[in-house]
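Reviewing the structure listed below.
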Protein chains: 2
Amino acid sequence: MDAPAPPTGYRPDAFPPFAVTVDLIVLTIQDDRLRAVVVERGVDPYAGAWALPGGFVRIDEDLPEAASRELAEETGLTAADVHLEQVASYGRPGRDPRMRVVTIAYLALAAHLPELRPGTDASAARFADVDELLGRPGALAFDHGRLLADGVERARAKLEYSPLATAFCPPEFTVAELRRVYEVVWGVSLDPRNFHRKVTGTPGFLVPTGRSTARQGGRPAALFRVGDTQVLHPPITRRDG
Amino acid sequence: MDAPAPPTGYRPDAFPPFAVTVDLIVLTIQDDRLRAVVVERGVDPYAGAWALPGGFVRIDEDLPEAASRELAEETGLTAADVHLEQVASYGRPGRDPRMRVVTIAYLALAAHLPELRPGTDASAARFADVDELLGRPGALAFDHGRLLADGVERARAKLEYSPLATAFCPPEFTVAELRRVYEVVWGVSLDPRNFHRKVTGTPGFLVPTGRSTARQGGRPAALFRVGDTQVLHPPITRRDG
DNA sequence: ATCATAGTCGTCACACTGACGAGAACAGGG
DNA sequence: CCCTGTTCTCGTCAGTGTGACGACTATGAT
């Protein structure tokens, strides 16, 4: 694609040209493990290595639009299905050997992801265990290890004071399902009784639907929807037993 | 400036060229008011209007470097004197009528700022009252009103759980000076006795220097330095009397 | 019926909080 | 020198949130 038609006052030599991309940290929970979408790169640099999904921002789209589009291309999820928020930007010279590129990282949280289909510049896509990726420096191409770490830390912090954990759950969920989200993302184990008291006692967090689940073995659990509150008072604190 | 020499695999038509800038939200406290540095634009668009200081990222520098450089150019402050952190990025098409530009906003907090000297593309610089700027939509050029609002909200939130408030204070300060920071930034009034108990009781927040200030009228106050802790436990909560 | 499993409610001690009293250490004026 | 005003600092007390843990409830499996 060529440069856009120069509008009034446009001086193409007045600023250094950058490539701008959005990269996605797409998190979900599978088998009680926190997983992230990674794609296998089909072209150099890092051909054959795993990287976060992402791509160039088009000349006529906003940053959140670009993130939504890339998310749909890589996972088939629409913006209505997931929580999507900007995390941070990265622009160290040399982070991409091909060109000068600034990347805006977006965090996407989803309850259940459909089958992954590889994008145009990726030959494969899969879910990778987040702890394993973070424990192995260089597991991801470019500086994507840092992007992933920053995104995961953002998610971990926001569980405390926002209803973000419900983004990992289906529209209706039980307190135990919500607790598993906190336990998996934080990597801790929480007391079911205290957790139940806290989440049901925080005003506006959970709305009972009246229904309950019948599951194999054990008492049926009440089903909840997420409420209106965007900030939890009191918060769900991280240091629990 | 021209595009860099094409390295291997470089395809100049593969991505749309963007301008990348860093803009600064430089906050300080003057006369018990929260103030931000604004510059008067000397060129179109928005010539004569006030805007946040900032400028193009150079082809060979990292984003924090660019923020530090712009900060030094506009205020004379070096990175050692201030707290500097990235806030968010903005890239809506049309936000700058001249070209497609992505801006990374940085938050800078300083105790006492020297005289401001206008940068190359600004004809004047001054401190503006933050509440007044935020209360008047369109007070700032481009989308800088939103940048300022996001930066101020970041600062307000981080006062709760980080020692960020000390960035507004000189190296040695009293509990009352620190309390004034919280009161001014949050726009509330805090009980001096409870505040004293909380900040001195949070481990690692304040380190007594042993010295004290003699000031006009009233008992001398003990002087403190900031401690090592980066996260306050328990936090300094916002809803106080 | 009995057991295993999982969900929900209750109790207790402890920590933190907001509201407020009271003393300590200064400056300035009579 | 004493009094007063000001600011800093320490204490007290009731209300609330929290972690640890006991107890009860409601299902499926045997």
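None of the values given here were measured: they were computed from a predicted structure.
We find that B:E40 and B:R126 are not joined by a salt bridge, their nearest charged nitrogen and carboxylate oxygen being 4.0 Å or further apart. Between A:R238 and A:E153 there is a salt bridge, since at least one side-chain N of the basic residue sits less than 4.0 Å from a carboxylate O of the acidic one. Ion pairing between a basic and an acidic side chain is recognised when a charged N comes within 4.0 Å of a carboxylate O; B:R193 and B:D191 show such pairing. The pair B:R95-B:D143 meets the salt-bridge criterion, with a side-chain N (NZ, NE, NH1 or NH2) lying under 4.0 Å from an Asp/Glu carboxylate O.
Across the protein-nucleic acid pair, A:E160 atom CD and D:dG17 atom C1' stand 15 Å apart, rounded to whole Å. Here the P atom of nucleotide C:dC16 and the OH atom of B:Y161 are 21 Å apart, to the nearest Å. The interatomic distance linking B:D191 (CG) with D:dT7 (P) rounds to 15 Å, in whole Å. Between B:H196 atom NE2 and D:dG11 atom P the separation is 11 Å, expressed in whole Å. In this structure, A:N194 atom CG and C:dG7 atom C1' are separated by 14 Å, rounded to whole Å. Rounded to an integer number of Å, the gap from B:L190 CG to C:dC20 C1' is 16 Å. Whole-Å rounding puts the B:K198 NZ to C:dA19 C1' distance at 13 Å. Rounding to whole angstrom units, CZ of residue B:F195 and P of D:dC10 are separated by 15 Å.
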Quiz item: What string of B, S and - do you get for nucleotides 23-30 of chain C, 5' to 3', when a contact is any protein heavy atom under 4.0 Å?
Solution: BBBBS---
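Between A:T213 and D:dT27 there is no side-chain N or O to OP1 or OP2 distance below 4.0 Å.
When each of B:D23, B:D150, B:T21 is checked for a side chain to side chain donor-acceptor pair (under 3.5 Å) with B:Y90, only B:D150 meets the rule.
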Mind listing the side-chain donor-acceptor pairs of residues 200-211 of chain A below 3.5 Å, one per line with the distance, residues two or more places apart or on another chain?
from	atom 1	to	atom 2	distance (Å)
A:T200	OG1	A:H196	O	2.6
A:T200	OG1	A:R197	O	3.4
A:T202	OG1	A:K198	O	3.0
A:T202	OG1	A:P234	O	3.3
A:T209	OG1	A:R211	N	3.3
A:T209	OG1	A:L223	O	3.0
A:R211	NH2	A:E172	OE2	2.5

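Shown here for A:G151 and A:I25, the closest heavy-atom pair between the two residues is CA-CD1, 4.0 Å.
Remark on DNA chain C: of its neighbouring residues B:H233 and A:R193, the 5'-side contact belongs to A:R193, judged by nearest-heavy-atom nucleotide. Of the two residues near DNA chain D, B:R197 and B:E177, the one whose nearest nucleotide lies more 5' is B:E177.
By the 30° and 60° cut-offs, the orientation of the rings of B:F142 relative to B:H144 is tilted.
Residues from residues 200-211 of chain A with heavy atoms under 4.0 angstrom of DNA chain C: there are none.
Atom CZ of A:R146 has 12 or fewer heavy atoms from other residues, nucleotides or ligands within 6.0 Å.
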